[in-house]
Structures are given as C-alpha cells and as structure tokens.
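Shown below is the structure under consideration.
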Amino acid sequence: AEWQESRSQALERDGYQCQSCGMTEKEHQERFDTGLNVHHQTDLAEFEDSGKANSLHNLETLCAKCHGGEHPFSED
C-alpha cells in the first residue's frame, strides 16, 4: 500500500511523463501496453528502511526504455 501511494504521487508530480525522454502515459500505454515505470534513483538495496527508499524525492517517472537504461542488466 505504501509503495502504491508513493508511486501514484510520483506519477502525478511528474505529470505522467517520462522525466528522461518525455514520453506520456498515453504514448507508453500504446507502445508497451502498460503504464509508465517509477524508478528508485537510489536502489532499494541501499536502504534499511523501505519508507525512505520509497520517499518522493527518491522516485522518478520513466518509460520502460529509459528505465531499462538505468538497469543495464534488465531487458527492455
């Protein structure tokens, strides 16, 4: 529940738009058939407290492609 609230707040703050390339939620739905991603700027593993990891200042909205660029080990 905490993550979902933080995720919603990040999406709203960022105007439902990728903060890297500018892709909108609508464009993302059409291209990837799913909503935009919310990325932890500092990885979850770096935090002892998930509440701090999920704080709004540590989150940014990214499209799947840009999010994949933040995680080179993952697939687009």
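All values reported here derive from a predicted model rather than from experimental measurement.
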- Message: Would you say CD of E30 has more than 12 non-hydrogen atoms from neighbouring residues, nucleotides or ligands within 6.0 angstrom?
- Response: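 For E30, atom CD is crowded (more than 12 foreign heavy atoms under 6.0 Å).
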- Please report the shortest heavy-atom distance between L59 and A10, naming the atom on each side. CB-CB, 4.0 Å
- Task: Please tell me if the side chains of E27 and F32 come closer than 4.5 Å, counting only heavy atoms from C-beta onward.
- Result: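 No - every pair of side-chain heavy atoms lies 4.5 Å or more apart.
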- When rounded to the nearest 0.5 angstrom, what distance separates SG in C21 from NZ in K65? 8.5 Å
- Message: Strictly distance-based, threshold 3.5 Å: is any side-chain N or O of D14 a donor or acceptor partner for the main-chain N or O of T61?
- Response: yes
- Task: Would you check if S6 and S55 make a side-chain contact, meaning some heavy-atom pair closer than 4.5 Å?
- Result: no
- When you measure from the side chain of N58 to the backbone N and O of A53, does any donor-acceptor pair fall under 3.5 Å?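 Side chain of N58 to backbone of A53: a pair is present.
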- To the nearest 0.5 angstrom, please state how far the CE atom of M23 sits from the CD atom of Q29. 11.5 Å
- Message: With heavy-atom distances below 4.5 Å as the criterion, would you say the side chains of E70 and Q41 are in contact?
- Response: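 No, every pair of side-chain atoms sits at 4.5 Å or beyond.
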- Item | Point-to-point distance, once rounded to the nearest 0.5 Å, from CD of Q17 to CG of L11 |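 Output value for this atom pair is 12.0 Å.
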- Message: Quick check for you: to the nearest 0.5 Å, what is the distance between H40 atom NE2 and H67 atom NE2?
- Response: 9.0 Å
- Message: Within this structure, what is the OG-CG distance for the pair S20 and L62, rounded to the nearest 0.5 Å?
- Response: 6.5 Å
- Message: With a 3.5 Å distance limit and no angle check, can you tell me whether R7 reaches the backbone of H39 through a side-chain donor-acceptor pair?
- Response: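 Absent.
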- Message: For D33, is the CG atom crowded, meaning more than 12 foreign heavy atoms sit under 6.0 Å from it?
- Response: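 Result for CG/D33: open.
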- Flag the pair E2 / N54 as yes when at least one side-chain heavy-atom distance between them is below 4.5 Å, and no otherwise. yes
- Query: Considering only heavy atoms from C-beta outward, does the side chain of E60 approach that of V38 to under 4.5 Å?
  - Reply: no
- Heavy-atom check, side chain of L36 versus side chain of C63, under 4.5 Å: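 They are in contact (side-chain heavy atoms under 4.5 Å apart), so the answer is yes.
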